[in-house]
Amino acid sequence: MSGPRDTYERRLAERRAELAAADRRDAAIAHLRLVVFVAGTALAIAAARGVVDWGWVWLPAAGFLALVVVHGRLLAGRACVEAGCRHYERGLARVDGRFAGTGVTRTDFADAAHPYAADLDLFGRGSLFELLCTARTRAGEATLAAWLLAPAGAEEVRARQAAVAELRPRVDLREDLEVLAGGVRAAVDPERLAAWGAAPADLPGRGARLAALLLSAFALAALLAWAFLDAPLAPFLAAVGAELAVTHAWRDRVGRVTSTIDRAAAELAVLARVVERFQREPAESPRLAELRSRLAPASAAARIRQLARLVQWLDARRNQLFAPIALVLMWPVHFALAIEAWRQRWGRAVGGWLAAVGELEALAALAAYAYEHPRDPFPEVVEAGPLLDGEGLAHPLIDVRRAVPNDVRLGGRLRVLMVSGSNMSGKSTLLRTVGTNVVLALAGAPVRARALRLSPLAVGATLRVQDSLETGVSRFYAEITRLRQLVDLASGPTPLLFLLDEILGGTNSADRTVGAESVIRGLVEKGAIGLVTTHDLALADAIASLGDAAANVHFEDRLEAGRLHFDYRLRPGVVTRSNALELMRAVGLDVGAGAPQGG
């Protein structure tokens, strides 16, 4: 069984060969069109001079039109093959760790007040979201983001795991979704569209629709009668006046009906194709079967495609050449009424369809990640906790060839690991490694570890708290505000996993020791577990008051030939040296030859 790299490289080579063949056919048809055009021109000149009959001119004309149709289909097929190439190129970039800047970053999901989103690099360039997200709809992106931002319970995680495991080998499905999207990432706002679907009626019903159709039909008939039957123009002008009055009277209501989905035809078409493709996919796991059943009633794909066509026809009014005709036909009014009729019949189902599509796309994204990382196991999620038992944990955003795995075990009597070590030794990376794997695990994805067993956990971190000139907040104040947030989280129904980096580093050593020991003790008493990093060895000693609930671990470094070396291996106990002075000297700062070397 070939791995993801072999599969992607083979399929990419196949698509590139297909693309080259399509380019050759494209060139051949272009040359043939030129030949047929020249032949037709020559025959037309000959016919004009009486050399041949005009009937001969129709032969190259028909051939030219046929070639235009064939060429259009060829270009559409070529676009699909090109989309397949891009799909596998991005897949290889993810496999190789070169994905930064190639995917979806969605920094708008990164709320500064969230207890761990910024700390664990969930969004932005090179983020976990960019690595995971292959969704083609905004509903899929929003669902995946929600899963990363809010860890799920054990039963929900197990349901997602089963669905992800079923979708993992379906490489064809993921390519089809990319190709069907046609390069368009749907931008339909799922919440806004769902609210629009469920809103009460805002336009008159069938009677008004019939009256508007009759008025437009009369105006068109009056125009044709004037143009071809020498009838008076007055009836047409009267009809147009009546149409303008109706359009003006309904202007605001028509605008409210169309504002949510105006100019959304392409995105709705993508949504319809995604739904249709998922409906064709077998579903054995309970979650996938349930999601398919939510899309089956009334054929969601067909109904969404119908709405997309109505929006596309509505957009025709923007064409400058068609605008005068649209005015005569009351085009916006008729299609607003048609869209309103669609909404009254199917609108309340829109929210459910979008939610189902969003969940299916999020599951497909996690399945792609699982397929591209075949060595990463699904974690075991247990009900009883708090528990975090990780063997060989590594960071999923660090190249597997460079990442150094470490074991981290918390739960039972042991609740806190105090991590000491010198600068750049790996303390903060360890916190991110633990937090990111917990987020992956409780979203339903595999984890970067040899094994992971955990209970449902809330997550909170202080890795990226910063000061703010705009709001006049110091880093210390920002940190204690976040700590207050974590204390509140620890009081919730789900045990908290806290990840505290250089706790209370903005104050003096004495206050830091007292304050940090109090905060950690309070979190432990509320049932939380976590890791704390520090440079302050006094704080490392202070956790002795917690007894068996706390333990010291550390990272080491060594100085060889004037260069610092790190092995990033977690060891028991407290670190015995610091590398701060060595680092200062390494960058050219004169800290004095007689300065102490560590301690």
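- Annotation: side chain of P379 is in contact with side chain of L454 (closest heavy-atom distance under 4.5 Å).
- Pairing each heavy atom of Q485 with each of P115, the nearest pair is NE2-CD, 3.7 Å.
- Within the 3.5 Å criterion, the main-chain N or O of G124 finds a donor-acceptor partner in the side chain of S127.
- Checked for salt-bridge contact, E18 and R15 meet the test: a charged N lies under 4.0 Å from a carboxylate O.
- A 4.5 Å side-chain heavy-atom check between L570 and L430 finds at least one atom pair inside the cut-off.
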Self-check item: Working for side-chain contact (heavy atoms from CB on, under 4.5 Å), residues L288 and L167
Solution: CA-CA 9 Å; L288 289 180; L167 292 173; 3.9 Å; yes

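- Between Y371 and T7, the side chains place a donor N or O and an acceptor N or O closer than 3.5 Å (distance only, hydrogens not considered).
- Applying the salt bridge (charged side-chain N to carboxylate O under 4.0 Å, His left out) criterion to R170, with sequence neighbours excluded, gives E166, E281.
- For residues 428-443, the pairs satisfying salt bridge (charged side-chain N to carboxylate O under 4.0 Å, His left out) are D121-R432, with sequence neighbours left out.
- More than 12 heavy atoms of other residues, nucleotides or ligands sit less than 6.0 Å from atom CZ of R10.
- Taking CG of L131 as the start and OH of Y369 as the end, the distance is 6.0 Å to the nearest 0.5 Å.
- Proximity of F278 to L177: side-chain heavy atoms (C-beta onward) are separated by under 4.5 Å at one or more points.
- One distance of note links CZ of F99 with CD of E130; it measures 6.0 Å at 0.5 Å rounding.
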Do any side-chain atoms of residues 489-498 form donor-acceptor pairs under 3.5 angstrom with protein atoms, and if so which ones, sequence neighbours left out?
{"unit_1": "S491", "atom_1": "OG", "unit_2": "V487", "atom_2": "O", "d": "3.2"}
{"unit_1": "S491", "atom_1": "OG", "unit_2": "K526", "atom_2": "NZ", "d": "3.0"}

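- Minimum heavy-atom separation, E479 to E502: OE2-O, 3.9 Å.
- For T533 and D501, the side-chain atoms include at least one donor-acceptor pair closer than 3.5 Å.
- Between F566 and Y568, the ring-plane angle classifies as parallel under the 30° and 60° cut-offs.
- Judged by distance alone, the side chains of Y8 and E89 never bring a donor and an acceptor atom under 3.5 Å apart.
- Using a 4.0 Å cut-off between charged nitrogen and carboxylate oxygen, R287 and E156 count as a salt-bridge pair.
- For the atom pair H395 NE2 and N406 CG, the distance stands at 13.0 Å (nearest 0.5 Å).
- A donor-acceptor distance shorter than 3.5 angstrom exists from the side chain of S425 to the backbone of S422, with no hydrogens or angles considered.
- Under the salt bridge (charged side-chain N to carboxylate O under 4.0 Å, His left out) criterion, E155 pairs with no residue, sequence neighbours left out.
- Contact annotation: the side chain of L19 approaches that of E82 to within less than 4.5 Å [non-hydrogen atoms, C-beta and beyond].
- Under a 3.5 Å cut-off, the side chain of H114 and the backbone N or O of L149 do form a donor-acceptor pair.
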Practice problem: Begin from the C-alpha positions of W353 and L271 and carry the test side-chain contact (heavy atoms from CB on, under 4.5 Å) through to its verdict. | Solution: CA-CA 10 Å; W353 292 343; L271 185 61; over 6 Å; no

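- Checked for salt-bridge contact, R415 and D548 miss the test: no charged N lies under 4.0 Å from a carboxylate O.
- The salt bridge (charged side-chain N to carboxylate O under 4.0 Å, His left out) search around R453 returns E380, not counting sequence neighbours.
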Quiz prompt | Pair R192-R138, side-chain contact (heavy atoms from CB on, under 4.5 Å): steps then yes or no | solution = CA-CA 12 Å; R192 188 179 179 192; R138 189 165 176 177; over 6 Å; no

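- One distance of note links CD of E141 with CG of L132; it measures 12.5 Å at 0.5 Å rounding.
- Counting heavy atoms from C-beta on, the side chains of L440 and P446 never come closer than 4.5 Å.
- Minimum interatomic distance between A152 and P456 (heavy atoms only, all atoms of both residues): O-CB, 4.2 Å.
- Side chain of T436 to main chain of T433: no donor-acceptor pair is present (N/O by atom type, distance under 3.5 Å, no hydrogens or angles).
- Within a 6.0 Å sphere centred on CZ of R280, other residues, nucleotides and ligands contribute more than 12 heavy atoms.
- Applying the salt bridge (charged side-chain N to carboxylate O under 4.0 Å, His left out) test to residues at least two apart or on different chains, the pairs with a partner in residues 385-400 are D389-R409, E391-R450, D399-R401.
- None of V357, L360, V270 except one satisfies the side chain to side chain contact (heavy atoms under 4.5 Å, CB included) rule with V275; the exception is V357.
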Quiz item: Can you check side-chain contact (heavy atoms from CB on, under 4.5 Å) on L523 and I529, steps first, answer last?
Solution: CA-CA 8 Å; L523 290 171; I529 59 175; over 6 Å; no

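- Residue S420 comes nearest to G573 through the heavy atom pair OG-O, 4.3 Å, listed as atom of the first residue, atom of the second, then distance.
- Rounded to the nearest 0.5 Å, atoms CZ (R464) and OH (Y116) are 15.5 Å apart.
- Dense packing is recorded around CD of E14, with more than 12 heavy atoms of other residues, nucleotides or ligands lying under 6.0 Å away.
- Within the 4.5 Å cutoff, the side chain of E361 has heavy atoms near those of the R136 side chain.
- In this model, no donor atom of one side chain and acceptor atom of the other lie less than 3.5 Å apart for R158 and Q161.
- The side-chain heavy atoms of H554 and R569, taken from C-beta on, include no pair separated by under 4.5 Å.
- Here the side chain of K427 pairs a donor or acceptor atom with the backbone of G421 at under 3.5 angstrom.
- In this structure, D119 pairs ionically with R482, as a charged nitrogen and a carboxylate oxygen lie closer than 4.0 Å.
- Looking at every heavy atom in both residues, A362 comes nearest to W147 through CB-CZ3, 3.5 Å.
- In this structure, L417 CG and L410 CG are separated by 4.5 Å, a value rounded to the nearest 0.5 Å.
- H87 places no side-chain N or O within donor-acceptor distance of the main-chain N or O of A83, the cut-off being under 3.5 Å.
- Using cut-offs of 30° and 60° on the angle between ring planes, the pair F129 and F109 is perpendicular.
- Using a 4.5 Å cut-off on side-chain heavy atoms (C-beta onward), L366 and R160 make no contact.
- Residue N437 comes nearest to L452 through the heavy atom pair O-CD2, 4.3 Å, listed as atom of the first residue, atom of the second, then distance.
- Checked by atom type and distance alone, the side chain of R174 never pairs as donor or acceptor with a backbone atom of P169 at under 3.5 Å.
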